[in-house]
Amino acid sequence: MDETVAKFIEMGFSMEMIGRAIEETGGENPEPMMILETLFKLSTSSEASSSKSKVIDELIGMGFSEELVIKAIQEHGEKNLEEITNALLSYAEAEKMHETENEDINNNYLSDDNDDTNLYSGLSSSDEENELNSFHGDGRLQDLIKMGYPRKEASIALERCGEIASLAEVVDFIFAAQMARQLDEFWAAPDEQEVLRINEPPPRRRRLNTDIASDDELIRLPNPMIGFGVPKEPGIITERPVPIPSIARGPPYFYYENVAMTPKGVWAKMSSHLYDIKPEFVDSLYFCAAARKRGYIHNLPIKNRFEIQPTPHYTIQEEFPLTKKWWPAWDKRTKLNCVLTCIASAQLTNKIRKRLEKHERDPAVQKDVVDQCKKWNLVWVGKNKAAPLEPYEMERLLGFPNNHTRGISRKDRYKSLGNSFQVDTVAYHLSVLKPLYPKGINVLSLFTGIGGGEVALHRLQIPMKLVVSVEISEVNRNIFRSFWEQTNQRGDLIEFRDVEELDDHKIEGLMDQYGGFDLVIGGSPCNNLAGANRVSRTGLEGDQSSLFYDYCRILEAVRSKASRMRRRDRYKSLGNSFQVKLKETMFLLRPRRLILLEFTPPLPLPSTDTTQLLHNAFCSKIENFKNKVFDELTTKDEKVLEIGIGTGPNMRYFAARNVNVTLLGLDPNPKMKKYARKAAVRAGLNPKNFRFMQGVGEAIPLEDGSVDAVVATLVLCTVSDVTQTLNEIKRVLRPGGRFIFLEHVAAEDGSLFRRLQKLLDPLQQILADGCHLTRNTRECILEAGFSGGAQIETVSMYSFPWVTRPHIYGVAYK
DNA sequence: GGTAACATGAATCTTTCA
DNA sequence: TGAAAGATTCATGTTACC
């Protein structure tokens with residue numbers, strides 16, 4: 001009995017409640033199941049009849065202010081939870097509008113001139129209505145950015161909400177996503193939570209219009225440009241002055257680089273798109289004999305950095321000793337300027353030689369020559385002979401191996417080197433990864449160039465288990481591949497030409513295959529940012545430099561997927577026991593009424609009475625329902641495809657209809673294979689008749705008309721493209737074949753439940769591996785064009801989580 | 001057709017000086 | 001402190017040459 005009580009405590013019930021439940025159940029040794037039922041009863045009723053403070057606490061925990069919660073309870077009574085929630089949502093909406101108005105007033109007040117740069121200034125209510133109504137077309141993203149939302153959040157919201165969404169809906173989505181992120185942080189592992197609590201900066205929901213950044217918002221370059229400190233200078237710090245926002249902390253790490261001297265406002269914009277992390281500006285002249293002013297936005301730790309050995313020479317004369325003999329005393333340079341992509345002409349060398357032969361002692365001539373030498377980075381290679389650096393000399397300055405770029409044209413060598421990292425500088429920053437990844441690292445390298453980041457990791461002796469490289473220049477790809485081969489790398493190198501090839505699906509596939517990325521490194525093109533560009537220095541929106549947004553897109557996809565993988569692994573590391581899952585579920589649910597619609601633990605259940613009872617209690621109630629769905633299958637269905645087979649929770653339903661069925665299981669996650677196979681064996685299916693296929697519903701790897709039936713239970717809520725998935729299902733079905741389905745769908749338009757679904761949709765997508773709450777799957781199926789029509793029933797039942805209802809089930813005929 | 005040489009500017013930051 | 005001058009800058013487009 002003590003063990004049973006302990007289990008109930010572990011599930012989250014209080015001792016007091018368990019005592020009451022045992023008492024009410026009666027008898028000296030009541031059945032655990034009976035106690036459990038009483039506990040649920042008590043739990044549910046206690047939610048409604050508990051003290052006011054408990055209700056307040058819970059609503060505050062949902063993100064509402066204490067003041068509003070009390071107001072709502074006073075107005076609607078503490079027992080009417082639905083009315084209270086409805087009222088709170090209305091209050092929150094009104095408060096948000098009020099907040100917006102205040103910000104507008106403040107913006108106008110703070111604005112020096114009342115021109116049109118502020119979108120809100122002078123807007124009447126009808127103007128606002130017009131704006132809400134006219135929120136369509138290509139300018140939607142820009143509108144949101146002008147309103148102050150980060151581009152990343154805005155573009156995700158637009159993508160998820162769809163073309164016809166109103167401004168209010170998209171803004172609601174962003175707001176809900178912010179809430180979801182905060183909840184996500186709540187669910188972070190204990191060690192992550194500890195980090196989150198320290199120096200948490202207040203979240204910024206809205207920003208000023210940054211198209212024309214004010215002076216306060218500009219990021220100014222530091223002087224000296226030493227970032228968080230450099231080895232040979234005093235002032236190294238080990239804690240960031242401005243902490244990394246919680247959303248960006250922890251692995252996978254990222255490291256973004258670009259030129260320091262950009263048009264005004266560019267770094268502020270890049271920072272705002274990379275989690276508001278303040279850039280670290282470093283001039284490579286503190287590492288080598290040439291300047292290279294760069295900004296780095298990264299979430300790496302900064303403590304215990306170290307230099308790679310051997311360290312480069314610190315002055316021109318030490319790096320290139322042969323120049324000492326010819327170096328005139330009046331040229332005081334010890335450092336070179338930035339290595340650029342172009343070099344001086346041979347004609348300039350000739351001109352300088354001729355002038356010096358005639359006027360060597362003329363200070364004016366000397367100054368002019370030094371100016372030219374600085375401008376073109378010339379070094380003295382003979383008497384009165386100042387010449388540009390050779391490519392191999394640039395390689396040395398930049399920390400690359402000798403002849404790293406050999407084998408391509410001289411011009412391409414200069415171009416590639418001029419665009420590369422300074423390896424020693426980057427390696428200093430990346431050195432903190434060495435103790436973190438002693439067994440190696442998985443790298444996603446965007447805009448790889450000639451592989452400066454990878455050379456740094458190699459010189460740090462951090463094994464690269466995997467490098468996924470994206471580089472558009474064939475010349476650069478060849479250089480990098482050559483480096484990979486010459487250094488006998490043992491890891492896998494996967495190359496992409498264009499960042500656009502790397503969509504979310506590919507990223508997730510790679511992460512599933514290799515267990516995720518540890519580092520996303522890259523510097524997007526600076527062509528439209530660089531000071532040396534006199535033709536098209538058009539800023540971050542320029543043709544090439546706008547690829548920065550692809551870096552952000554890909555990084556976000558990687559971190560989002562990693563977050564889901566981490567959560568999944570966390571469940572596993574905790575034993576993936578039913579109790580753990582249930583405890584989390586019960587915490588989320590208010591009131592505590594639930595039925596698990598589809599849950600089969602990936603690992604065998606612990607054989608305790610309580611967990612088994614719980615499992616039985618939840619699953620028995622849905623069994624009848626699922627049986628009805630699967631009754632559509634007959635022994636004539638010899639070859640059946642199940643989309644999203646997961647761990648195989650439906651195996652017994654298949655086995656009950658046709659034990660000899662040939663079952664094809666499709667799932668994007670290859671790790672599901674072993675669980676699905678075990679489930680098939682447990683259900684009594686012949687393992688030889690079961691085939692697992694890794695893939696997605698949008699691209700089913702089967703021939704046309706090759707299966708008798710397709711089954712999908714709770715899958716269309718998760719796929720990226722419902723219409724495409726349905727088209728694929730039609731394609732692989734034989735004529736007369738049937739699509740059998742069970743899905744949860746959006747609640748009725750305009751209902752409170754629908755509003756809650758809309759609010760919780762982003763959270764659900766994060767917690768439930770991309771599951772959408774607001775899909776109109778019924779309409780999609782009806783419009784999919786199944787030639788034999790479709791029969792669809794709608795039911796409303798309690799489910800897990802409770803917002804995933806109502807449900808539809810039925811069959812569509814090809 | 002491919003490569004190399006050559007001519008071209010302005011934004012931004014830094015330094016100087018009144 | 002602010003204006004002015006000086007210094008620096010992951011470049012581009014055209015032409016010449018092989």
Side-chain angles (χ1 to χ4, degrees), chain A residues 213 215 218-225 256-268 270 279 281-285 288 290-296 332-333 335-351 367-378 387-391 394-395 397-400 405 407-423 425-426 446-453 471-476 522-540 542-545 547-548 551:
Chain A
D215 278 358
L218 287 177
I219 293 178
R220 299 196 176 280
L221 300 180
N223 188 8
M225 201 178 275
Y256 175 79
E257 181 255 19
N258 216 317
V259 291
M261 284 193 259
T262 61
K264 277 185 180 178
V266 165
W267 273 107
M270 291 197 289
F281 291 103
V282 182
D283 191 336
S284 292
L285 67 81
C288 65
R292 178 158 285 230
K293 297 179 178 67
R294 295 290 180 269
Y296 306 89
K332 305 291 184 191
R333 289 177 301 151
K335 300 275 187 183
L336 290 165
N337 282 332
C338 185
V339 171
L340 299 179
T341 57
C342 297
I343 58 162
S345 63
Q347 215 170 59
L348 180 63
T349 300
N350 253 336
K351 279 182 193 168
K367 183 183 180 306
D368 195 37
V369 167
V370 170
D371 284 349
Q372 291 295 318
C373 288
K374 285 181 181 174
K375 181 178 177 183
W376 291 105
N377 252 348
L378 306 179
L389 292 167
E390 290 296 311
M394 285 192 181
E395 286 169 349
L397 275 175
L398 293 169
F400 286 93
T405 58
I408 60 173
S409 75
R410 190 178 160 86
K411 185 190 169 193
D412 282 341
R413 289 183 78 176
Y414 283 123
K415 189 175 179 186
S416 296
L417 287 161
N419 281 313
S420 73
F421 287 162
Q422 204 289 323
V423 170
T425 312
V426 170
L446 304 177
F447 315 107
T448 305
I450 56 174
E471 171 55 45
I472 200 157
S473 156
E474 187 183 357
V475 165
N476 286 346
S524 59
C526 67
N527 308 40
N528 308 116
L529 311 179
N533 184 351
R534 66 189 172 80
V535 178
S536 54
R537 199 185 188 198
T538 48
L540 208 50
D543 287 347
Q544 288 107 326
S545 293
L547 288 170
F548 162 75
Y551 182 94

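Every chain is numbered from 1 and lettered A, B, ... according to where its sequence line falls, protein lines coming before strand lines.
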Expressed in angstrom and rounded to an integer, what is the separation of [X] atom [atom1] from [N] atom [atom2]?
X	N	atom1	atom2	result
A:Ile219	B:dT12	CD1	C1'	15 Å
A:Ile408	B:dG2	CD1	P	16 Å
A:Arg410	C:dC18	CZ	P	17 Å
A:Leu221	B:dT12	CG	P	11 Å
A:Asp543	C:dT12	CG	C1'	13 Å
A:Leu348	B:dA7	CG	P	10 Å
A:Gln544	C:dA11	CD	P	11 Å
A:Asn528	B:dA10	CG	P	17 Å

Any stems for DNA chain C, made of 3 or more Watson-Crick or G-U pairs in a row, each with both distances under 3.5 Å?
-> B:1-8 with C:11-18, B:10-18 with C:1-9

Salt bridge (Lys or Arg N to Asp or Glu O under 4.0 Å) between A:Lys367 and A:Asp371, worked out | CA-CA 6 Å; A:Lys367 183 183 180 306; A:Asp371 284 349; 2.9 Å; yes

When we call it a touch if two heavy atoms are under 4.0 Å apart, what does A:Asp412 touch: a base, just sugar-phosphate, or nothing?
-> nothing

Can you list the residues that meet the ring-ring contact (aromatic ring centres under 6.0 Å, His included) rule with A:Phe400, with sequence neighbours excluded?
-> A:His404

Does [X] have any side-chain contact (heavy atoms from CB on, under 4.5 Å) partners at least two apart in sequence or in another chain, and if so, which?
X	result
A:Ser536	A:Asn528, A:Asn533
A:Asp283	A:Met225, A:Leu285, A:Tyr286, A:Ala291, A:Lys293
A:Thr425	A:Val282, A:Ser284, A:Phe287, A:Tyr296, A:Gln422, A:His429

Under 4.0 Å protein heavy-atom contacts per nucleotide of nucleotides 1-10 of chain C, with B for base, S for backbone only and - for none = -------SBB

Taking the side chain as every heavy atom from C-beta outward, state whether A:Arg413 and A:Met394 have any pair of such atoms under 4.5 Å apart.
-> no

Among the nucleotides B:dA4, B:dT12, B:dA7, whichever has the atom closest to the side chain of A:Lys411 is B:dA4

Among all residues two or more places apart in sequence or in another chain, which pass the salt bridge (Lys or Arg N to Asp or Glu O under 4.0 Å) test with [X]?
X	answer
A:Arg294	A:Glu257
A:Arg537	none
A:Asp543	none

Side-chain N or O of A:Ser345 closer than 4.0 Å to phosphate OP1/OP2 of B:dA5 = no

